[in-house]
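Just so it is clear, the model here is predicted, and its values are computed rather than measured. Naming: A, B, ... by sequence-line order, numbering from 1 per chain. We use all heavy atoms of the structure for the numbers below, so side chains are in, but hydrogens, waters and symmetry mates are not.
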2 protein chains.
Amino acid sequence: MPKQNQSSDTREKPAGGKKKPPVTPSPERRGELLRIAADVFAEQGYNATTVRKIADAAGMLAGSLYYHFDSKESMLEEILRTFLTELWDGYDSVLSAPLGPRETLEALVTESFREIDRHRSAVAIYQKESKHLVAQTRFEYLVESQQRFEKAWLTTLERGVTDGVFRADLDIRLAYRFVRDTVWVAASWYRPGGGHSPEEIARQYLSMVLDGISVRT
Amino acid sequence: MPKQNQSSDTREKPAGGKKKPPVTPSPERRGELLRIAADVFAEQGYNATTVRKIADAAGMLAGSLYYHFDSKESMLEEILRTFLTELWDGYDSVLSAPLGPRETLEALVTESFREIDRHRSAVAIYQKESKHLVAQTRFEYLVESQQRFEKAWLTTLERGVTDGVFRADLDIRLAYRFVRDTVWVAASWYRPGGGHSPEEIARQYLSMVLDGISVRT
DNA sequence: CACCTTCCCTAACAAGTGTTTGGTAGATTA
DNA sequence: TAATCTACCAAACACTTGTTAGGGAAGGTG
């Protein structure tokens with residue numbers, strides 16, 4: 001990351017002039033470019049992806065990206081933030097519904113696979129990069145999201161144990177990581193239009209998580 | 001990667017002289033440096049890790065690494081190759097034993113957690129980077145390993161279905177990915193000496209995978 | 001027509017990258 | 001003591017990186 005750019009957030013705002021920046025890229029084009037960037041990030045990894053590769057995929061030159069975004073990191077942030085916002089829209093509507101613990105778990109898993117279907121690249125990026133990113137203040141919202149995520153799942157699992165629908169002899173934190181991981185790693189191999197709908201994959205996963213793969217004796 | 005180094009693999013071999021390279025680094029020091037490098041790779045990601053960071057962690061300067069290794073990529077390769085070699089040592093002894101499908105699955109899972117315990121960093125690197133690396137001819141052995149891996153697991157699962165110990169109503173390829181992922185993602189959060197031994201984690205995971213997390217009705 | 005806006009290009013920059021070359025302190029061997 | 005070997009340092013190299021500055025073509029609007 002060259003150019004330390006110490007000029008204390010110098011952007012537009014000519015000290016009392018117009019409020020908007022001098023240039024106004026269209027949101028449609030931004031979104032289009034973000035989708036392209038997300039695909040490259042997901043495929044090659046964030047650090048291995050140069051702005052020139054993104055520009056190539058978009059059919060333009062590297063410098064031209066800076067008409068729409070003010071840094072490579074901004075693209076990453078916008079991709080992840082958009083994904084998390086939509087994810088929590090879905091989760092919140094599930095969590096606020098009057099469901100039993102088992103139904104809540106089923107709904108959360110199904111909703112997760114739908115999000116993977118919609119934001120495949122963003123999920124892949126999130127999984128690979130979030131661990132390093134949380135160290136930066138710019139990406140602190142990732143930590144907050146992770147904590148809400150953990151709380152939602154742990155609460156559901158604990159409620160299930162209390163109600164007698166989930167086994168009480170399991171380490172609940174281990175079970176949490178188990179469920180969480182089994183769901184989200186699917187983004188690494190899932191391809192939309194591959195014969196399985198998100199709902200169908202969710203059903204099979206739930207069947208394994210809830211009842212196991214062994215035959216009942 | 002600067003320096004195109006077009007000189008057609010020019011390294012030692014002075015056209016008929018001594019067989020060994022002019023310098024001979026000790027294998028002990030190599031191993032030590034590789035362990036350090038693996039930790040940094042795992043924590044920061046391969047591409048985000050500069051040779052200067054590795055050198056820092058090792059208490060030396062960047063150029064000094066090139067006395068022991070001939071490139072950053074060589075370090076990565078040796079780390080992954082060492083890990084896979086030891087992994088298959090364990091797997092092969094399990095697969096050649098006269099075990100039923102359920103016992104084979106249990107042994108494979110347990111062995112996997114032992115390898116995670118031993119090669120935590122290498123496993124983390126493998127998971128993050130292998131997807132991009134397989135494109136390079138230098139890392140083709142990763143593909144071969146993945147194919148053996150898949151075959152071993154699929155065979156075991158199919159044998160279990162035939163023998164009536166695993167459920168026949170599951171998509172077997174989905175079940176394979178399910179079991180594979182649940183095991184290996186543990187490397188992302190597992191820390192040795194964290195209260196759980198590899199065997200204990202294996203038992204809990206197997207309990208969930210085989211019997212599910214719901215209470216039997 | 002002139003004017004403005006949107007979108008991209010050309011060309012460069014400074015910092016960071018993996019790597020090489022030559023040298024050298026210290027131990028080991030002859 | 002001299003020669004040799006091991007393991008490192010110091011300094012540079014060629015190249016890549018994210019980013020910027022200025023300019024210009026196309027289209028719409030007054």
Side-chain angles (χ1 to χ4, degrees), chain A residues 1-7 9-12 17-34 36-37 40-41 44-78 136 138, chain B residues 1-12 17-18 20-34 36-37 40-41 44-78 136 138:
Chain A
M1 45 300 270
K3 300 286 175 60
Q4 60 265 47
N5 199 358
Q6 198 54 262
S7 41
D9 195 25
T10 156
R11 189 124 43 233
E12 62 261 1
K18 280 85 179 258
K19 284 137 200 166
K20 286 286 258 179
V23 292
T24 329
S26 84
E28 291 78 17
R29 186 65 174 137
R30 279 179 69 91
E32 202 175 345
L33 292 174
L34 282 178
I36 293 172
V40 186
F41 283 154
Q44 322 222 5
Y46 174 72
N47 282 289
T49 300
T50 72
V51 294
R52 278 165 245 266
K53 283 184 191 167
I54 301 174
D56 266 11
M60 53 198 258
L61 290 182
S64 308
L65 286 171
Y66 289 80
Y67 170 71
H68 299 275
F69 312 98
D70 51 84
S71 75
K72 179 188 173 190
E73 212 180 61
S74 293
M75 300 188 216
L76 177 62
E77 213 222 74
E78 194 162 338
Q136 301 174 238
R138 180 171 199 174
Chain B
M1 41 306 271
K3 302 284 176 61
Q4 59 264 47
N5 198 358
Q6 199 56 264
S7 40
S8 74
D9 195 24
T10 157
R11 189 125 41 233
E12 62 263 0
K18 279 84 180 260
K20 287 287 260 179
V23 292
T24 330
S26 85
E28 291 78 18
R29 187 64 174 136
R30 279 177 69 91
E32 203 175 345
L33 292 173
L34 282 178
I36 293 172
V40 186
F41 283 153
Q44 322 222 6
Y46 174 74
N47 282 289
T49 300
T50 71
V51 292
R52 278 165 245 266
K53 284 184 191 168
I54 300 174
D56 266 11
M60 55 198 256
L61 290 182
S64 307
L65 286 171
Y66 289 80
Y67 170 71
H68 300 275
F69 311 96
D70 51 86
S71 74
K72 178 188 173 189
E73 212 180 59
S74 293
M75 301 188 214
L76 177 62
E77 212 222 74
E78 194 162 337
Q136 301 174 238
R138 178 170 201 173

Could you report the tightest heavy-atom contact between I36(B) and I54(B), atom names first, then the distance? CG2-O, 4.3 Å
Please list, pair by pair, any protein nitrogen or oxygen found under 3.5 Å from a nitrogen or oxygen in nucleotides 9-11 of chain C.
{"residue": "dC9(C)", "atom": "OP2", "partner": "L61(A)", "partner atom": "N", "Å": "2.7"}
{"residue": "dC9(C)", "atom": "OP2", "partner": "S64(A)", "partner atom": "OG", "Å": "2.7"}

Could you tell me whether R52(B) contacts a base, only the sugar-phosphate backbone, or nothing, with contacts defined as non-hydrogen atoms closer than 4.0 Å? base
So S74(A), base contact, sugar-phosphate only, or nothing? Heavy-atom distance under 4.0 Å. nothing
Could you list the residues that satisfy side-chain contact (heavy atoms from CB on, under 4.5 Å) with R52(A), not counting sequence neighbours? T50(A), A62(A)
Residues Y46(A) and K72(A): closest non-hydrogen pair is O-NZ, 3.1 Å
List for me each residue that meets side-chain contact (heavy atoms from CB on, under 4.5 Å) alongside A48(B), sequence neighbours excluded, and say none if there are none. N47(A)
Side-chain atoms of V51(B) come closest, of dT19(D), dC8(C), dG18(C), to dG18(C)
Using a cut-off of less than 4.0 Å, is there contact between a side-chain N or O of H68(B) and OP1 or OP2 of dC8(D)? yes
Whether Y67(A) contacts dC8(C) is assessed here as follows: a side-chain N or O lying under 4.0 Å from the phosphate OP1 or OP2. Is that the case? no
Hey, what do you get for OH (Y67(B)) to CZ (R29(B)), rounding to the nearest 0.5 Å? 11.0 Å
Counterpart residues, side-chain contact (heavy atoms from CB on, under 4.5 Å), relative to E77(A) (two or more places apart): R81(A), R138(A), F139(A), Y141(A)
Between dC8(D) (P) and D56(B) (CG): distance, integer Å: 14 Å
Side chain to side chain contact (heavy atoms under 4.5 Å, CB included) test vs M75(B) passes for just one of L33(B), L34(B), D70(B), namely L34(B)
Can you tell me the distance, in whole Å, between the CG atom of N47(B) and the C1' atom of dT16(D)? 13 Å
How many Å lie between CG on D70(A) and P on dT20(D), as a whole number? 8 Å
Under 4.0 Å: is that the gap between some side-chain N or O of S26(A) and OP1 or OP2 of dC7(C)? yes
Tabulate atom names and distances for all N/O pairs under 3.5 angstrom spanning the protein and nucleotides 24-28 of chain C.
none

Once you round it to whole Å, what is the distance between P of dT20(D) and NZ of K72(A)? 14 Å
Approximate separation, where rounding is to 0.5 Å, of S26(B) OG and E28(B) CD: 4.5 Å
With respect to the phosphate group of dT20(D), does any side-chain polar atom (N or O) of Y66(A) fall under 4.0 Å of OP1 or OP2? no
Would you kindly give the CD-to-P distance between E73(A) and dG18(D), to the nearest whole Å? 12 Å
What's the shortest heavy-atom distance between Q44(A) and K53(A), and which atoms? OE1-NZ, 3.2 Å
In whole angstroms, how far is the P atom of dT20(D) from the CZ atom of F69(A)? 15 Å
Bend angle of the helix from dC1(C)-dG30(D) to dA30(C)-dT1(D) from five-pair axes at both ends, rounded to 10°? 10°
